[in-house]
Amino acid sequence: MEIGTAGVDRAVDDPLADAEETRLKQASMLLDLDPPEHTRLGQRVSRGFTPRMVKTLEERIRRTCERTVDAAIEAAR
């Protein structure tokens, strides 16, 4: 029996891959929840998206987007 290593290879190449995958799964789980669980967790998560918090993240988000777009353009050449 062969054990797949694609996930392991990806994690070795990109140590943040598993963390990102986990965050995406958790986000989708929140969307699938019904009240009162959705409400309780949504209130906690919403604290991270206040205008002040978003403003502090704006430059980091901008740099990340620029790098992503630049890499996509370079890959398409």
Between M53 and R47, the two heavy atoms sitting closest are CG-O, 3.9 Å

Here the gap from T68 atom OG1 to I61 atom CD1, rounded to the nearest 0.5 Å, amounts to 11.5 Å

Note: with side-chain heavy atoms under 4.5 Å as the link, the other cluster members for V54 come out as none

Quick note, side-chain hydrogen bond (donor to acceptor under 3.5 Å, both in side chains) partners involving residues 48-63, not counting sequence neighbours, are K55-E58, E58-R62

ask   = Are V45 and L33 co-members of a hydrophobic cluster defined by side-chain heavy atoms under 4.5 Å apart?
value = yes

_Using the rule that Ile, Leu, Val, Met, Phe, Trp and Tyr join whenever any side-chain heavy atoms are under 4.5 Å apart, tell me whether L41 and F49 fall into a single cluster._
yes

